[in-house]
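Below is one structure, written out as C-alpha cells; comments come after it.
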Amino acid sequence: MTQNLVSMNLTSDQLAAVDAALEALESNLAGMVSLSPQQRRTVPRMGDKSEAFCRQALSLLGQNPQVVNPGLGLPEAEADLATLDALRPRLQRLERLWARASDTEVALGSDIMATALQGYALLKVSGRNQSLEGLRASLGSRFAKKPRSTEAQAA
C-alpha cells in the first residue's frame, strides 16, 4: 500500500507566477523591519489586553490634544495603528498560506520517504537475485548504527 498525502505538480509558468507574486509582496512590503534577537526580547509587546488599552489611550489623546506634548509622537502612533489594522487581514492570509505550504512540504517529504522505505525493503528481499546487493548495502548505511562511545558505556 502506497502513501500519497499530496499530489501536486507545478508548471514552470506557475512557478514563475509565484515568484512574481513574491517579488510584488517583497516590493510592496519593503517598509517591514527585521528586529534583532535582542530587540525581540526587549521591546514592549502589545497583546490583546494591551491593544484595547492602546486604542483607548490613543483615542482619548486624540480627543484631548491640549494635554498632548508634540514630542509624544501621537500622529505616528495613530498612523502605526491604522497600518496595523490594514495589515492584519493580509498577515492572517499569509499565515494560513504559510501553514498550508509547510504542511505540503511535510506531506511531500513523507510521501517520498514512504516510497523510498518501501523500495528499500523490496531491494532487501528481491535485490539479492538481481545483483543489487552492493547498491542496497550503500542505501542501508543510512540505518547503520554507530558504535557507542566509551564515555556512554562507562556511564
Side-chain angles (χ1 to χ4, degrees), residues 1-62 72-149:
M1 180 181 288
T2 61
Q3 172 183 311
N4 191 19
L5 298 175
V6 62
S7 186
M8 181 177 178
N9 295 305
L10 296 171
T11 67
S12 58
D13 287 344
Q14 287 173 312
L15 291 173
V18 168
D19 290 340
L22 290 171
E23 287 174 22
L25 282 171
E26 291 168 345
S27 174
N28 285 297
L29 299 173
M32 289 187 166
V33 299
S34 294
L35 299 176
S36 70
Q38 173 66 24
Q39 288 172 311
R40 250 184 245 110
R41 284 191 301 272
T42 60
V43 297
R45 301 201 181 224
M46 184 177 73
D48 292 337
K49 291 180 184 177
S50 298
E51 183 174 343
F53 162 79
C54 292
R55 287 181 183 279
Q56 187 175 15
L58 292 183
S59 176
L60 288 172
L61 290 169
L72 180 63
L74 180 60
E76 291 84 4
E78 291 171 330
D80 288 348
L81 184 60
T83 300
L84 180 64
D85 288 342
L87 192 57
R88 270 203 179 136
R90 282 101 186 149
L91 293 176
Q92 290 169 347
R93 289 178 65 190
L94 284 172
E95 285 173 357
R96 284 192 304 270
L97 183 61
W98 168 252
R100 288 178 48 218
S102 183
D103 287 349
T104 301
E105 179 184 28
V106 169
L108 287 167
S110 180
D111 286 352
I112 294 164
M113 187 67 174
T115 301
L117 288 171
Q118 288 177 357
Y120 175 71
L122 286 172
L123 286 173
K124 282 176 40 177
V125 172
S126 61
R128 293 181 186 147
N129 300 336
Q130 305 294 322
S131 301
L132 297 174
E133 186 61 29
L135 294 172
R136 191 220 38 94
S138 69
L139 286 175
S141 66
R142 181 219 187 268
F143 301 105
K145 293 185 179 183
K146 296 179 181 165
R148 292 185 178 177
S149 68

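We're numbering straight along the sequence, starting at 1.
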key: Donor-acceptor contact below 3.5 Å, side chain Thr83 vs main chain Ala79   = yes
Sub-4.5 Å side-chain heavy-atom contact between Asp85 and Arg55 = yes
Exceeds 12 heavy-atom contacts within 6.0 angstrom, atom CD of Gln56 = no
Smallest separation among heavy atoms of Arg45 and Arg40, with atom names = NH2-O, 2.5 Å
message = Check whether Arg41 reaches the backbone of Ser36 with its side chain - one donor and one acceptor, N or O, closer than 3.5 Å.
response = no
request  = I would like to know whether Leu61 and Leu72 meet side-chain contact (heavy atoms from CB on, under 4.5 Å); could you show each step before the answer?
outcome  = CA-CA 10 Å; Leu61 290 169; Leu72 180 63; 4.0 Å; yes
Residue pair Met32 / Leu87, side-chain heavy-atom distance below 4.5 Å = yes
Where Glu78 and Gly62 come nearest, the two heavy atoms and their spacing = OE2-CA, 4.0 Å
query = Out of curiosity, Leu108 CG to Asp103 CG, how far, rounded to the nearest 0.5 Å?
reply = 11.0 Å
query = Going from CD1 on Ile112 to CD on Gln3, what distance comes out if it is rounded to the nearest 0.5 angstrom?
reply = 10.5 Å
task = Could you tell me the separation between the CG atom of Asp80 and the CG atom of Leu58, rounded to the nearest 0.5 Å?
result = 9.5 Å
request  = State the SG-CG distance between Cys54 and Leu84, to the nearest 0.5 angstrom.
outcome  = 10.0 Å
ask   = Are Thr2 and Gln118 close enough that a side-chain donor and a side-chain acceptor fall under 3.5 Å?
value = no
inquiry  = Given 3.5 Å as the limit, does a donor-acceptor pair link the side chain of Ser102 with the main chain of Trp98, or not?
reply    = no
key: Whether Thr42 side chain and Gln38 backbone form a donor-acceptor pair below 3.5 Å   = yes
message = Tell me if the CZ atom of Arg100 is crowded by more than 12 foreign heavy atoms within 6.0 Å.
response = no
